[in-house]
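We count ligands from 1, going down the list as the structure has it; atoms in each ligand are counted the same way. The residues of the chain are indexed from 1 along the displayed sequence.
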Amino acid sequence: MKIRHLFLLCLIAISATLSANGKTVIPITTDDISLIYKVDDKNGRLYQSYLGQKLSFDSDIVQLPLGNEAYLTHGMEDYFEPAIRVLHNDGNPSLLLKYISHENKQLQPGVDETVILLKDDKYPVEVKLHFIAYPKENIIKEYAEISHQEKKPVTLYNYASSLLHLNGSKYFLTEFAGDWAHEVNMKETELAFGKKMLDTKLGSRANMFCSPFFLLALDRKAEENAGDVLFGTIGWTGNYRFTFEVDNENGLRVLSGINPYASEYSLKPNEVFRTPEFIFTYSTEGKGKASRDFQRWARKYQLKDGEKSRMTLLNNWEATYFDFNKDNLIAIAKEAAELNLDMLVLDDGWFGSRNDDNSGLGDWKVNEEKLQGSLGDLISRINALGVKFGLWFEPEMVNEDSDLYREHPDWAIQIPGRKPVKGRNQLLLDFSRKEVVDAVYEQMCQVLDQGNIEYVKWDMNRSMAEVYSMTAEEQGSVQYDYMLGLYDFLERIISRYPDLLIEGCSGGGGRFDAGMLYYTPQIWCSDNTDAVDRVRIQYGTSFGYPVSAVGSHVSAVPNHQTGRKTSLHTRGVCAMAGTFGYELDPAKMTDEERREIREQIVEYKKYAQLVQNGLYYRLSNPFAEEIGAWEFVSEDGKEVLVNVVMLEIHGNMTVNYVKMKGLCVGQFYKDSNTGKIYPAEALMEVGIPMPLEFGEYKAYQIYLEMVE
Ligand code: DGJ
């Protein structure tokens with residue numbers, strides 16, 4: 001036997017099997033969490049006994065009650081929402097899953113996997129439950145693989161990624177709903193008997209109305225720094241559904257996965273249906289710790305190059321919209337160079353016959369007339385100024401007024417005999433078909449090969465309404481296959497251009513999910529660049545994503561969404577809570593403003609590492625308080641950046657003290673502006689007073705370093 005195989009076998013053999021009163025026990029643990037399954041040896045079925053704070057002693061685990069069925073099936077004695085519902089090809093609608101085996105292995109240092117195999121005792125159907133634990137980050141990922149060896153296809157009606165059982169006295173669910181330009185608002189509701197669902201049917205722009213993550217507090221409302229909280233999200237860009245069901249015994253069942261609405265899947269014999277990953281953490285120190293654990297994990301394991309430093313950029317969209325040519329792009333690039341920005345991004349309108357949003361999508365051929373020459377030439381000139389170059393695409397879309405549509409009308413998703421539903425005058429290409437993905441991929445590569453393109457903005461400006469593929473055998477699988485087609489496209493792009501940074505976008509944050517972040521580690525957070533609105537949007541976003549994923553730019557005033565005027569300083573402070581850039585024409589700014597922008601960029605570059613990879617603390621709730629305040633602390637606790645924005649003013653105001661978090665107790669910190677030195681305890685227990693002359697929308701940034 002080869003040594004490599006021997007090593008693998010050793011890893012597989014690290015099995016954490018315990019036995020409790022004749023029951024096999026399967027613990028899945030991180031540094032702070034235990035998720036415990038038990039097999040009832042009388043009936044051979046798998047039960048979830050516990051989820052919560054880590055249980056360190058086997059004696060505690062042995063005492064746990066059996067709990068509820070782990071992956072509930074339809075057709076058995078439990079009356080609540082099943083994790084899986086199938087129809088066998090003989091018409092039998094039931095499934096009874098029994099435990100067969102489980103194994104543990106280390107996937108890589110710091111990442112452990114447990115796989116539990118379940119099989120029906122009458123039909124050749126099996127389910128493998130995968131749990132991948134990241135002990136240090138306190139994250140567990142769960143997904144299921146479903147397969148069978150029946151003679152004909154089996155229909156899957158429900159196929160959850162995860163079913164978790166919780167036991168509290170009360171349950172409070174926080175959902176993050178919104179819409180275009182006011183994404184990720186927050187609402188907390190107490191759950192009572194019955195079901196509450198968070199879901200979407202918007203297809204490939206799934207999280208436009210409701211973000212694909214939630215917070216669930218046990219016993220009392222969620223607090224920032226205390227209490228038991230489950231945070232969950234799904235690594236899937238399509239329709240999702242989270243179902244929260246309080247049962248007759250006041251237990252809570254949390255079912256997570258693809259939204260099964262109009263998505264029955266015909267599973268062929270020996271084909272494996274793999275669900276997306278449900279990713280969760282459980283915190284006993286409130287939602288703040290849950291977010292920091294998740295953000296740290298996402299940077300390290302989920303985002304492509306998640307810990308790499310990001311480029312500052314200037315995007316021409318709000319500066320020119322469709323109205324640009326080579327000369328004004330070079331002029332903007334010169335401004336970017338003078339301001340010391342890393343990159344110019346050329347947004348929509350450089351291809352096909354696209355001079356407004358009615359035509360051209362699908363024709364990814366450079367409009368050399370508009371660019372007064374080749375794309376390669378434009379890029380070389382911009383690079384010669386010391387500025388990198390990025391380019392906008394919307395690969396999944398087609399306009400009826402395009403060569404691609406004229407040639408292949410059947411490549412668009414639309415229902416035969418019905419007037420097509422359009423969103424922003426465009427149709428969706430059928431990415432469930434490989435030939436469609438191949439053709440767009442080829443076009444895109446031909447453009448990317450024309451010069452030194454270091455960044456792509458991958459836009460997506462409509463939802464999936466009429467789901468129908470002209471070639472699909474079963475329409476129920478079209479949305480699932482579309483997502484696999486999209487991921488395949490992205491996979492090919494990142495393999496061919498490994499250093500390319502892709503920023504996702506969907507009219508802003510319409511497509512912000514843990515699945516997409518694997519390919520697009522940065523996402524344009526909102527088309528709303530109003531600094532005050534952004535404080536709230538970015539606050540909501542911080543519950544689901546790391547700061548480095550949040551595309552955040554300074555734009556001109558009055559703001560084009562709200563008409564509000566805020567100072568350049570305030571806009572800068574707000575945009576520094578993400579990957580930083582500008583959406584404006586610097587040539588239209590005064591010399592004084594340009595000088596301030598130059599200083600702002602120097603400042604941001606000083607803090608960039610801390611902002612992108614530091615620990616993020618929410619110091620206020622901007623939906624409920626007068627101030628928006630947040631803080632970045634380096635992992636070693638030596639550097640701190642506090643940001644405060646005054647959201648409201650009124651007469652006879654009392655002083656706002658901003659209490660810091662995460663400092664090293666017993667140490668002293670020096671304020672770099674004033675030179676004053678404070679003990680960590682004073683900064684955390686009393687806080688820093690905001691100046692009384694502080695006015696509406698004023699912003700304040702304090703950088704402190706530990707005194708060595
Ligand atoms: C929507 C995006 O959110 C904008 O930033 C811009 O890229 C436009 N699309 C271009 O059409």
Side-chain angles (χ1 to χ4, degrees), residues 178-184 202 204-209 237 311-324 329 332 343-364 367 370 389-399 401-402 422-429 444 447 453 455-463 501-513 516 520 522-531 533-534 537-538 541 549-556 559-562 571 575 578-585:
D179 198 348
W180 175 73
H182 63 108
E183 297 89 350
V184 205
L202 293 175
S204 55
R205 197 186 200 187
N207 66 307
M208 174 109 157
F209 298 153
T237 305
M311 296 173 274
T312 55
L313 65 87
L314 177 60
N315 182 304
N316 77 310
W317 180 243
E318 288 185 29
T320 66
Y321 294 102
F322 290 103
D323 188 16
F324 57 82
L329 290 175
I332 294 176
M343 179 168 57
L344 175 74
V345 176
L346 173 53
D347 211 282
D348 196 355
W350 55 267
F351 54 92
S353 57
R354 188 148 171 103
N355 288 310
D356 55 37
D357 63 13
N358 288 302
S359 61
L361 291 174
D363 296 341
W364 302 104
N367 183 343
K370 186 168 179 177
F389 183 79
L391 195 60
W392 181 96
F393 285 88
E394 196 174 0
E396 297 151 79
M397 296 294 157
V398 67
N399 285 116
D401 185 3
S402 69
K422 285 190 239 168
R424 205 194 183 198
N425 313 311
Q426 60 204 47
L427 302 174
L428 204 61
L429 283 170
M444 189 162 166
V447 176
I453 299 173
Y455 160 109
V456 157
K457 180 172 172 184
W458 185 297
D459 210 343
M460 206 290 181
N461 286 301
R462 64 157 293 173
S463 308
L501 170 67
I502 312 180
E503 173 158 344
C505 177
S506 182
R511 180 151 83 177
F512 214 141
D513 61 80
M516 204 61 192
T520 68
Q522 209 166 292
I523 293 184
W524 180 228
C525 181
S526 177
D527 272 354
N528 186 345
T529 46
D530 176 290
D533 281 1
R534 271 293 185 119
I537 293 171
Q538 291 172 184
T541 303
V550 177
S552 189
H553 300 167
V554 173
S555 65
N559 183 270
H560 69 112
Q561 291 281 344
T562 60
R571 281 174 277 154
T579 48
F580 191 65
Y582 292 81
E583 299 267 329
L584 44 76
D585 185 353

Test side chain to side chain contact (heavy atoms under 4.5 Å, CB included) applied to His553 and Leu584, step by step: CA-CA 9 Å; His553 300 167; Leu584 44 76; over 6 Å; no
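Between Thr529 and Gln561 the shortest side-chain heavy-atom distance does not fall below 4.5 Å.
Here the heavy atom of the protein found nearest to atom 3 (O) of ligand 1 is Asp527 OD1, 2.4 Å. Closest protein heavy atom to atom 2 (C) of ligand 1: Asp459 OD2, 3.4 Å. Looking only at protein heavy atoms, the nearest one to atom 7 (O) of ligand 1 is Asp347 OD1, 2.7 Å.
When non-hydrogen atoms are compared, ligand 1 lies under 4.0 Å from the side chain of Lys457 (C-beta onward) but not from its backbone. Neither the backbone nor the side chain of Glu503 comes within contact range of ligand 1; no heavy atom lies under 4.0 Å. Contacts of Asp357 with ligand 1, taken as heavy-atom pairs under 4.0 Å, are absent altogether.
For the residue pair Asn316 and Asp347, no side-chain donor N or O sits within less than 3.5 Å of a side-chain acceptor on the partner. Using a 3.5 Å distance cut-off with no hydrogens or angles, the side chains of Ser204 and Glu396 do not pair a donor with an acceptor.
When each atom of ligand 1 is checked for a heavy atom of Cys505 under 4.0 Å away, the hits are 2 (C), 3 (O). Annotation for ligand 1: atoms under 4.0 Å from non-hydrogen atoms of Gly508 are 3 (O). Which parts of ligand 1 touch Gly507 is read off a 4.0 Å heavy-atom cut-off, strictly below it: atoms 1 (C), 3 (O). Residue Asn461 approaches ligand 1 through these ligand atoms, each under 4.0 Å from one of its heavy atoms: 1 (C), 9 (N).
For CG of Asp323, the number of neighbouring non-hydrogen atoms (other residues, nucleotides, ligands) closer than 6.0 Å is 12 at most.
Distance alone, capped at 3.5 Å, places no donor-acceptor pair between the Asp459 side chain and the Glu394 backbone. Using modelled atom types, one side-chain atom of Asn207 and one backbone atom of Gly509 make a donor-acceptor pair closer than 3.5 Å.
Atom-to-atom distance recorded for Met311:CE and Leu501:CG is 5.0 Å, nearest 0.5 angstrom.
Distances from ligand 1 to the non-hydrogen atoms of Glu394 include no value under 4.0 Å.
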